[in-house]
S.K.: 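Got a structure for you, written out below as structure tokens; questions coming shortly.
Values below: all heavy atoms of this structure, side chains included; hydrogens, waters and symmetry mates excluded.
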Amino acid sequence: MTTATRTPAATARRLKDRRLIAWLMGEALSQFGDQFFIVALAVSAVESGGAVGAGLILAVSALPKVGLLLFGGSLVDRIGPRRLMLGSDLARLVLMGSLAAYATTANPDIWTLGLIACLFGALDAVFEPAANTLPVHIVAEDQLVRLQGLRTTFDRAATIVGGPVGGLIAGFAGVPFSFTVNAATFGISAAVLWWLRIPDPPSDSGQANSLWRDTSAGLKYALRHPLLRSALLLIATLEFSLTGAVNVGVPLIAEQRDWGPFGIGLVNSAFGAGAILGPLSMVLFNNRVRRAGPLVLGAAVLGTACFGIIGTTDLLPVAAAVAAGLGLTIGFLAAIVIPLIQRSSDPAYLGRVVSLLALALSGLTPLSMALTGVAVGYLGAPATMAVCAALAGLASLAALTVPVLRQATL
């Protein structure tokens with residue numbers, strides 16, 4: 001196993017470095033383009049297989065990423081993040097370009113779309129842990145929080161704006177054009193990564209351990225590390241509790257309370273605005289943050305309380321205000337937890353640890369949404385929201401009892 005080292009402060013880039021800013025913008029642009037792909041994929045799937053086919057394609061597309069994330073983290077620790085990110089961007093450029101060319105001549109059938117979605121998810125499983133490892137090689141430790149705040153702010157803004165714009169483009173310019181735009185964003189992302197020019201750790205061709213053994217070793221390392229174990233379990237439980245309820249429960253509650261489409265849009269917009277302001281606050285006030293543990297735990301408790309209020313209030317302005325608070329705390333948590341995990345991990349295991357973080361953040365989403373839908377059918381939306389809030393609250397209270405998490409510093 002290649003031994004990773006942290007970037008020395010003397011050679012680390014400052015946040016004003018134009019190459020670093022270009023990478024941040026390129027990553028956000030790629031996230032923006034991904035929304036075009038998601039919308040265009042759904043439109044193509046509906047045309048080829050109806051609503052059931054579209055749901056099946058979108059569900060299947062998440063499976064390769066979830067199944068391969070841990071192995072992607074092992075590859076990051078072996079090969080280095082920049083090489084893998086470049087390879088993933090170039091592969092997705094070819095994939096999207098080929099799909100765009102094919103879609104100009106014929107409507108892609110459901111099997112073609114499923115294959116493309118699976119390949120896209122597999123490449124994401126390599127890219128995501130690499131992207132969350134790269135900052136350690138770019139900036140000094142005391143700049144990690146601000147860098148993550150900027151990344152989260154840009155990425156969330158790109159995701160929020162990209163969805164509606166992607167829908168308009170698919171409707172007016174057509175699905176092939178949407179695929180072409182996504183392909184172009186991968187080309188730009190690869191170009192700025194190449195321009196970034198940071199040294200990658202040398203790959204070791206005489207690797208003694210298998211990829212499976214390295215992955216297992218990374219899992220054991222994270223589970224035996226008190227701080228990493230506690231932070232990962234907290235994040236996984238919060239995501240599992242809240243993701244399904246926000247995406248399934250909130251629209252149903254809005255319908256039951258006659259808030260209408262405007263109400264759903266207002267609550268979602270408020271949540272998105274808070275999700276942008278949360279990480280942005282860490283960019284502005286990073287120098288005043290030293291005790292990460294109390295901030296993480298406090299944000300978890302506050303987010304749980306906000307979510308509980310959304311499930312009980314009948315007033316749309318209150319629900320919108322509380323949704324903004326929930327988005328603020330979730331964005332704030334992301335900007336704190338990721339740098340905390342980056343700084344607390346042994347550099348040799350960092351890729352595998354952040355792959356576990358990615359799994360905690362998104363791996364349980366399909367199960368959460370499915371179980372939330374079942375629970376709503378049996379309990380109703382308000383009761384389901386209450387159960388989800390209670391589960392998140394219990395996880396937050398349990399985390400308060402972990403001394404190493406309470407005392408964590410940045």
S.K.: Show the nearest heavy-atom pair for residues Leu228 and Ala222, with the distance to one decimal.
M.R.: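 Residues Leu228 and Ala222, closest heavy atoms: CB-O, 4.0 Å.
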
S.K.: Would you please name every residue forming a side-chain hydrogen bond (donor to acceptor under 3.5 Å, both in side chains) with Asp89, sequence neighbours left out?
M.R.: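 Listed in chain order: Arg92, Ser189.
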
S.K.: Give the intermediate values and the outcome of side-chain contact (heavy atoms from CB on, under 4.5 Å) for residues Thr133 and Val353.
M.R.: CA-CA 9 Å; Thr133 303; Val353 172; over 6 Å; no

S.K.: Any heavy-atom pair between the side chains of Met25 and Val192 that's under 4.5 Å?
M.R.: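 No - every pair of side-chain heavy atoms lies 4.5 Å or more apart.
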
S.K.: Looking only at side-chain N and O atoms, does Asp109 offer a donor or acceptor that is under 3.5 Å from a partner on Thr112?
M.R.: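 Asp109 and Thr112 do have a side-chain donor-acceptor pair below 3.5 Å.
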
S.K.: Sub-3.5 Å donor-acceptor pair from the side chain of Thr329 to the main-chain atoms of Leu326, do we have one?
M.R.: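 Confirmed, Thr329 side chain pairs with Leu326 backbone.
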
S.K.: Could you list the donor-acceptor pairs under 3.5 angstrom formed between side-chain atoms of residues 263-279 and any protein atom two or more places apart in sequence or on another chain?
M.R.:
{"residue": "Asn268", "atom": "ND2", "partner": "Ile264", "partner atom": "O", "Å": "3.3"}
{"residue": "Ser269", "atom": "OG", "partner": "Gly265", "partner atom": "O", "Å": "2.8"}

S.K.: Return each pair, listed once, that meets side-chain hydrogen bond (donor to acceptor under 3.5 Å, both in side chains) where at least one residue sits in residues 230-245; pairs must be two or more places apart or across chains.
M.R.: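 Residue pairs passing side-chain hydrogen bond (donor to acceptor under 3.5 Å, both in side chains), neighbours aside: Glu239-Thr243.
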
S.K.: What do the steps show when you test Leu123 against Phe127 for side-chain contact (heavy atoms from CB on, under 4.5 Å), and what is the final call?
M.R.: CA-CA 6 Å; Leu123 291 168; Phe127 185 87; over 6 Å; no

S.K.: Quick one: is the NZ or CZ of Arg82 closer than 6.0 Å to the six-membered ring centre of Trp194, and within 45° of its axis?
M.R.: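 That pair qualifies as a cation-pi contact.
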
S.K.: Just so I know, are the side chains of Ile21 and Arg18 near enough to count as touching, which here means a heavy-atom distance under 4.5 Å?
M.R.: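 Sidechains of Arg18 and Ile21: no contact.
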
S.K.: Quick one: side-chain hydrogen bond (donor to acceptor under 3.5 Å, both in side chains) pairs with a partner in residues 368-378, sequence neighbours left out?
M.R.: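 Every pair satisfying side-chain hydrogen bond (donor to acceptor under 3.5 Å, both in side chains) with a residue in residues 368-378: there are none.
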
S.K.: Is any side-chain heavy atom of Ile138 less than 4.5 Å from a side-chain heavy atom of Trp23?
M.R.: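 A side-chain contact exists here, since the closest heavy-atom pair is under 4.5 Å.
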
S.K.: Taking all non-hydrogen atoms of both residues, which atom of Ser74 and which atom of Thr215 are closest, and how far apart?
M.R.: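 Smallest interatomic distance, heavy atoms only, reads OG-OG1, 2.7 Å.
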
S.K.: In Å and rounded to the nearest 0.5 Å, what is the CG to CG distance from Leu86 to Leu193?
M.R.: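 Between atom CG of Leu86 and atom CG of Leu193 there are 5.0 Å.
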
S.K.: Report yes if the side chains of Leu147 and Gln143 come closer than 4.5 Å at any heavy-atom pair, otherwise no.
M.R.: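 With C-beta onward as the side chain, the pair stays apart.
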
S.K.: Within the distance-only criterion (no hydrogens, no angle test), does the side chain of Ser88 pair as donor or acceptor with the backbone N or O of Leu84 below 3.5 angstrom?
M.R.: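 Side chain of Ser88 to backbone of Leu84, a donor-acceptor pair under 3.5 Å: no, none is there.
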
S.K.: Compare all side-chain heavy atoms of Pro108 with those of Glu47 and state whether any distance is below 4.5 angstrom.
M.R.: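 No, too far: nothing below the 4.5 Å cut-off.
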
S.K.: Atom CG of Asp214 and atom CG of Leu219: how far apart are they, to the nearest 0.5 Å?
M.R.: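 One gets 12.5 Å once the value is rounded to the nearest 0.5 Å.
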
S.K.: Using side-chain contact (heavy atoms from CB on, under 4.5 Å) as the criterion, list what pairs up with Leu115, not counting sequence neighbours.
M.R.: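 Partners of Leu115 by the side-chain contact (heavy atoms from CB on, under 4.5 Å) criterion, ordered by chain and then number, come out as Leu119.
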
S.K.: Output the distance between atom CG (Leu359) and atom NZ (Lys65), rounded to the nearest 0.5 Å.
M.R.: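 Spacing of CG (Leu359) from NZ (Lys65) equals 10.0 Å.
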
S.K.: Which residue pairs pass the salt bridge (charged side-chain N to carboxylate O under 4.0 Å, His left out) test with at least one member in residues 175-195, sequence neighbours excluded?
M.R.: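 Listed by first then second residue: nothing to list.
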
S.K.: Using a 4.5 Å cut-off on heavy atoms from C-beta on, say whether the side chain of Phe240 contacts that of Leu391.
M.R.: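 When only atoms from C-beta onward are counted, Phe240 and Leu391 do touch, with a gap below 4.5 Å.
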
S.K.: For Tyr349 and Ala217, work out which heavy atoms get closest and say how close.
M.R.: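 So the minimum-distance heavy-atom pair works out to CE2-O, 3.9 Å.
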
S.K.: Is the shortest side-chain heavy-atom distance between Leu196 and Leu134 below 4.5 Å?
M.R.: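 Yes - at least one pair of side-chain heavy atoms lies under 4.5 Å apart.
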
S.K.: Got a list of side-chain donor-acceptor pairs under 3.5 Å for residues 163-185, not counting sequence neighbours?
M.R.:
{"residue": "Thr180", "atom": "OG1", "partner": "Pro176", "partner atom": "O", "Å": "2.9"}
{"residue": "Asn182", "atom": "OD1", "partner": "Asp34", "partner atom": "N", "Å": "3.3"}
{"residue": "Thr185", "atom": "OG1", "partner": "Asn182", "partner atom": "O", "Å": "2.6"}

S.K.: Looking only at non-hydrogen atoms, find the nearest pair between Arg78 and Leu211 and report the distance.
M.R.: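 Closest approach of Arg78 to Leu211, heavy atoms only: NH2-N, 3.3 Å.
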
S.K.: With sequence neighbours excluded, give me every salt bridge (charged side-chain N to carboxylate O under 4.0 Å, His left out) pair touching residues 261-276.
M.R.: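 For residues 261-276: none.
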
S.K.: Under a 4.5 Å cut-off applied to non-hydrogen side-chain atoms, are Leu367 and Leu371 in contact?
M.R.: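 Yes. Closest side-chain heavy atoms under 4.5 Å.
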
S.K.: Which value, rounded to the nearest 0.5 Å, describes the distance between Ser48 atom OG and Asn107 atom CG?
M.R.: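 Output value for this atom pair is 6.0 Å.
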
S.K.: Leu69 and Pro129: which non-hydrogen atoms are nearest, and at how many Å?
M.R.: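 Taking every non-hydrogen atom into account, CD2-CD, 3.9 Å.
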
S.K.: Indicate yes or no for a side-chain donor-acceptor contact from Arg156 to the backbone of Thr152 under 3.5 Å, with no hydrogens or angles considered.
M.R.: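 No; zero donor-acceptor contacts below 3.5 Å.
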
S.K.: Is there a donor-acceptor pair closer than 3.5 Å between any side-chain N or O of Asp77 and the backbone N or O of Arg352?
M.R.: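 Indeed, once roles are kept as given, a pair shorter than 3.5 Å links the two residues.
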
S.K.: Could you go through the side-chain contact (heavy atoms from CB on, under 4.5 Å) check for Met96 and Phe186 one step at a time?
M.R.: CA-CA 9 Å; Met96 285 297 103; Phe186 288 127; 3.9 Å; yes

S.K.: Mind listing the side-chain donor-acceptor pairs of residues 295-316 below 3.5 Å, one per line with the distance, residues two or more places apart or on another chain?
M.R.:
{"residue": "Thr304", "atom": "OG1", "partner": "Ala300", "partner atom": "O", "Å": "2.9"}
{"residue": "Thr312", "atom": "OG1", "partner": "Gly308", "partner atom": "O", "Å": "3.4"}
{"residue": "Thr312", "atom": "OG1", "partner": "Ile309", "partner atom": "O", "Å": "3.1"}
{"residue": "Thr313", "atom": "OG1", "partner": "Leu315", "partner atom": "N", "Å": "3.2"}
{"residue": "Asp314", "atom": "OD1", "partner": "Arg257", "partner atom": "NE", "Å": "3.3"}

S.K.: Got a sec, which pairs hit salt bridge (charged side-chain N to carboxylate O under 4.0 Å, His left out) with one end in residues 161-176, sequence neighbours left out?
M.R.: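 Qualifying pairs, neighbours excluded: none.
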
S.K.: Do you know the tightest heavy-atom contact between Ala130 and Pro81?
M.R.: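 Taking every non-hydrogen atom into account, O-CB, 3.3 Å.
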
S.K.: Got a sec, which residues hit side-chain hydrogen bond (donor to acceptor under 3.5 Å, both in side chains) with Thr384, two or more places apart in sequence or on another chain?
M.R.: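 Per chain and number, Thr384 pairs via side-chain hydrogen bond (donor to acceptor under 3.5 Å, both in side chains) with no residue.
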
S.K.: Starting at CG of Leu400, measure out to CG of Leu397 and round the result to the nearest 0.5 Å.
M.R.: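 So the CG of Leu400 and the CG of Leu397 are separated by 6.0 Å.
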
S.K.: Please report the interatomic distance CG(Leu41) to CG(Leu99), rounded to the nearest 0.5 Å.
M.R.: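 Leu41 atom CG to Leu99 atom CG measures 8.0 Å (nearest 0.5 Å).
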
S.K.: Please check this pair: side chain of Ser345 against backbone of Gln342, looking for a donor-acceptor N/O pair closer than 3.5 Å.
M.R.: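 A pair under 3.5 Å: no.
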
S.K.: Enumerate the residue pairs fulfilling ring-ring contact (aromatic ring centres under 6.0 Å, His included) with a member in residues 67-115, sequence neighbours excluded, ordered by first and then second residue.
M.R.: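 Found Phe71-Trp212.
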
S.K.: What verdict does the side-chain contact (heavy atoms from CB on, under 4.5 Å) test give for Ser355 and Asn132, after you've listed the backbone C-alpha separation in whole Å, the side-chain angles of each residue and the deciding distance to 0.1 Å?
M.R.: CA-CA 8 Å; Ser355 70; Asn132 282 326; over 6 Å; no

